[in-house]
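Below is one structure, written out as structure tokens; comments come after it.
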Amino acid sequence: MPIETNNPSKKSWLEVAKNSDFPIQNIPFGVFLTRDDIITIGTRIGDYAIDLGALHQLGYFEGIPLTEDIFLQDTLNDFISDGKKTWRAVRIRISEIFDIENLSLQNNEAHKKVILFSMDEIEMKLPVQIGDYTDFYSSREHATNVGTMFRDPENALLPNWLHIPVGYHGRSSTIVPSGIPVRRPYGQTFPKGANNPVFGPSRLVDFELEMAFITTDANKMGETIAIDEAEDYIFGMVLFNDWSARDIQKWEYVPLGPFLAKNFASSISPWIVTMDALEPFRVDSPKQDPEPFHYLRQKGKNSFDINLEVSIAPEGQEETVVSKSNFKYMYWTMAQQLAHHTVNGCKVNSGDLMGSGTISGPTPDSYGSMLELSWQGTKPVKLKNQVTRKFIEDNDTVIMKGYCEKNGARIGFGEVVTKLLPAHHIES
């Protein structure tokens, strides 16, 4: 554990605002387009984007076994494939280079001109090529709320829920970074009181407040990943808005689960925050009863105290915070999700993305979807200026933010901001 890198008293010679999500203790990884229209892999401190390709070419990673082009790619996949030892060494070196006491780059104006960019000079890209995407369903509060709405409230959780991290495979081709708008989807629905299904735009588009973790090459087909080793194969985490069309989902999900209701769009924050950066914010996960099977049993603190919030901004209006939740509420941990995912021998690759499932807390203001916040539309959510919402309307923008904070130290994820555009016209 690189404790010195996470030292809360550590300062950078780059200016960092007091409540920045990206102090020198963070050092996330992402991909961006520079002012010279070059795609590069980088990191961020304060409001500065740092070109790791240029940093490497100028010799600042000397002594770390890296290929010459490791940071000159348009995705992080190859870097992630190098494994935890490399990620950690690079993160430590970046921390050393930008430490306030280190003058090597600080006093080299020529190097700084090619390495440093202000955030308004760059365009963030999808950080990894996502080959596979799995979405879990791991918030007990969310699963209970949904089960209460659509089934017997006395038996809200299905019989398997307390025994396995329930999940399904989603569509990676429509995962986009923050800032890319998404369109209201078409599909079949079965409106209440109708005699037959109808085709048209979804009327009940919803956000889902999630986080996601990104894996490295973890195993060969047929091999399992032990619960105690699972986190070694997790590169880092992002904020994740897993858009949903509730009316399409209700009609289609039996018997094989979500399909068109989920695969039209998912949005992620562009900076991947490493597990090393999150280490100081470990907390106990909820008590699990009944005790899981042996391959899912964990000891110690296996969750993370990550504050989360969701805001809605109608077009031309300021945003209103509608939900405040926390990642620590998740019943099933990331390690349990990955161990379960591979217990049958399923192969996991570099750049695979695993969604947590909607993160809902124990109180109504901490629910992670409009389905819950408006309780199926029966309790409209109040926004500013006398505006209300039951679900997300055309041209609304959904903003998700997340950060950890402890003893004056703050590590954040930035935000994922997505506008919902009207549906294209399609003949039925």
Side-chain angles (χ1 to χ4, degrees), residues 1-8 10 12 16 20-32 41-46 48-50 52 55-56 61 64 66 70-71 73 75-99 124 126-128 130 177 211-218 229-240 268-283 301-306 327 333-335 337-338 348 350-354 356 402-406 409-414 416:
M1 175 61 212
I3 296 175
E4 182 55 33
T5 310
N6 293 348
N7 185 340
K10 194 174 184 67
S12 173
V16 179
S20 173
D21 280 353
F22 303 101
I24 193 172
Q25 292 82 2
N26 192 337
I27 310 179
F29 292 91
V31 174
F32 58 82
I41 288 171
T43 187
R44 177 176 177 177
I45 296 177
Y48 292 91
I50 299 161
L52 296 183
L55 203 64
H56 186 20
F61 291 115
I64 300 176
L66 299 169
I70 192 69
F71 297 126
Q73 323 237 355
T75 73
L76 279 159
N77 293 60
D78 283 355
F79 176 64
I80 294 172
S81 289
D82 272 2
K84 189 172 184 176
K85 184 177 179 181
T86 298
W87 317 332
R88 183 169 287 178
V90 167
R91 182 169 175 266
I92 292 172
R93 180 65 58 83
I94 294 169
S95 176
E96 292 169 350
I97 293 167
F98 290 93
D99 187 281
M124 297 303 299
L126 196 69
V128 291
I130 302 169
M211 298 203 70
F213 66 87
I214 293 160
T215 65
T216 185
D217 302 289
E229 301 173 0
E231 281 192 16
D232 291 337
Y233 299 102
I234 298 176
F235 175 64
M237 299 179 70
V238 293
L239 299 170
F240 188 54
I268 69 171
S269 52
W271 293 107
I272 304 173
V273 177
T274 66
M275 301 309 295
D276 274 355
L278 295 172
E279 188 66 29
F281 306 97
R282 284 186 178 273
V283 292
K301 298 180 183 297
N302 300 298
S303 191
F304 297 86
D305 185 3
I306 306 172
F327 185 69
T333 69
M334 292 183 289
Q337 290 168 344
L338 188 54
V348 171
S350 172
D352 285 356
L353 184 141
M354 313 278 181
S356 62
Y403 66 93
C404 310
E405 199 161 34
K406 180 181 178 182
R410 178 185 174 112
I411 297 293
F413 293 80
V416 53

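None of these values were measured; they are calculated from a predicted model.
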Next item on the list: Decide side-chain contact (heavy atoms from CB on, under 4.5 Å) for F79 and V90; before the verdict, give the C-alpha distance in whole Å, the side-chain angles of both, and the deciding distance to 0.1 Å.
Entry: CA-CA 10 Å; F79 176 64; V90 167; 3.8 Å; yes

Notebook entry, point to check: Rounded to the nearest 0.5 Å, what separation is found between the OG atom of S356 and the CE atom of M334?
Noted result: 9.5 Å

Check: Hey, is the main chain of P28 close enough, under 3.5 Å, to the side chain of T43 for a donor-acceptor pair?
Finding: yes

Check: Has the side chain of R91 got a donor or acceptor atom that lies under 3.5 Å from a matching backbone atom of N26?
Finding: yes

Next item on the list: May I ask you to decide if I411's main-chain N or O and Q25's side chain share a donor-acceptor pair within less than 3.5 Å?
Entry: no

Next item on the list: Please work out which of the three classes, parallel, tilted or perpendicular, describes the rings of F71 and F61, given edges at 30° and 60°.
Entry: tilted

Note to self: Give me the atom names and distance for the closest heavy-atom approach of M275 to E231.
What the structure shows: CE-OE1, 4.5 Å

Check: Got a sec: does the OH of Y48 have more than 12 other heavy atoms crowding it under 6.0 Å?
Finding: no

Notebook entry, point to check: Distance from I41 atom CD1 to T75 atom OG1, nearest 0.5 Å?
Noted result: 6.5 Å

Next item on the list: Heavy atoms only: give me the nearest S350-S81 pair and the separation to one decimal.
Entry: CB-OG, 3.2 Å

Next item on the list: Using side chain to side chain contact (heavy atoms under 4.5 Å, CB included) as the criterion, point out the one residue from F29, W271, F32 that pairs with R44.
Entry: W271

Check: Tell me, do R93 and L55 make a side-chain contact under 4.5 Å, heavy atoms counted?
Finding: no

Next item on the list: Could I get the full list of side chain to side chain donor-acceptor pair (under 3.5 Å) partners for D21, not counting sequence neighbours?
Entry: R410

Checklist line | Those residues that, when tested against Y233, pass ring-ring contact (aromatic ring centres under 6.0 Å, His included) (two or more places apart) | finding: none

Check: Under the 3.5 angstrom rule, does the side chain of S303 hit a backbone N or O of V283 as a donor-acceptor pair?
Finding: no

Next item on the list: Can you measure from SG (C404) to CG (L278) and round to the nearest 0.5 angstrom?
Entry: 5.0 Å

Notebook entry, point to check: ring-ring contact (aromatic ring centres under 6.0 Å, His included) with F413: which residues, sequence neighbours excluded?
Noted result: none

Checklist line | Where V416 and L239 come nearest, the two heavy atoms and their spacing | finding: CG1-CB, 4.0 Å

Next item on the list: Measure across D99 and I24 and return the closest heavy-atom pair with its distance rounded to 0.1 Å.
Entry: N-CD1, 3.8 Å

Note to self: Restricting to non-hydrogen atoms, name the atom on F98 and the atom on I45 that form the minimum distance, rounded to 0.1 Å.
What the structure shows: CB-CD1, 3.7 Å

Check: Does V128 offer a backbone N or O that forms a donor-acceptor pair with the side chain of N77 under 3.5 Å?
Finding: no

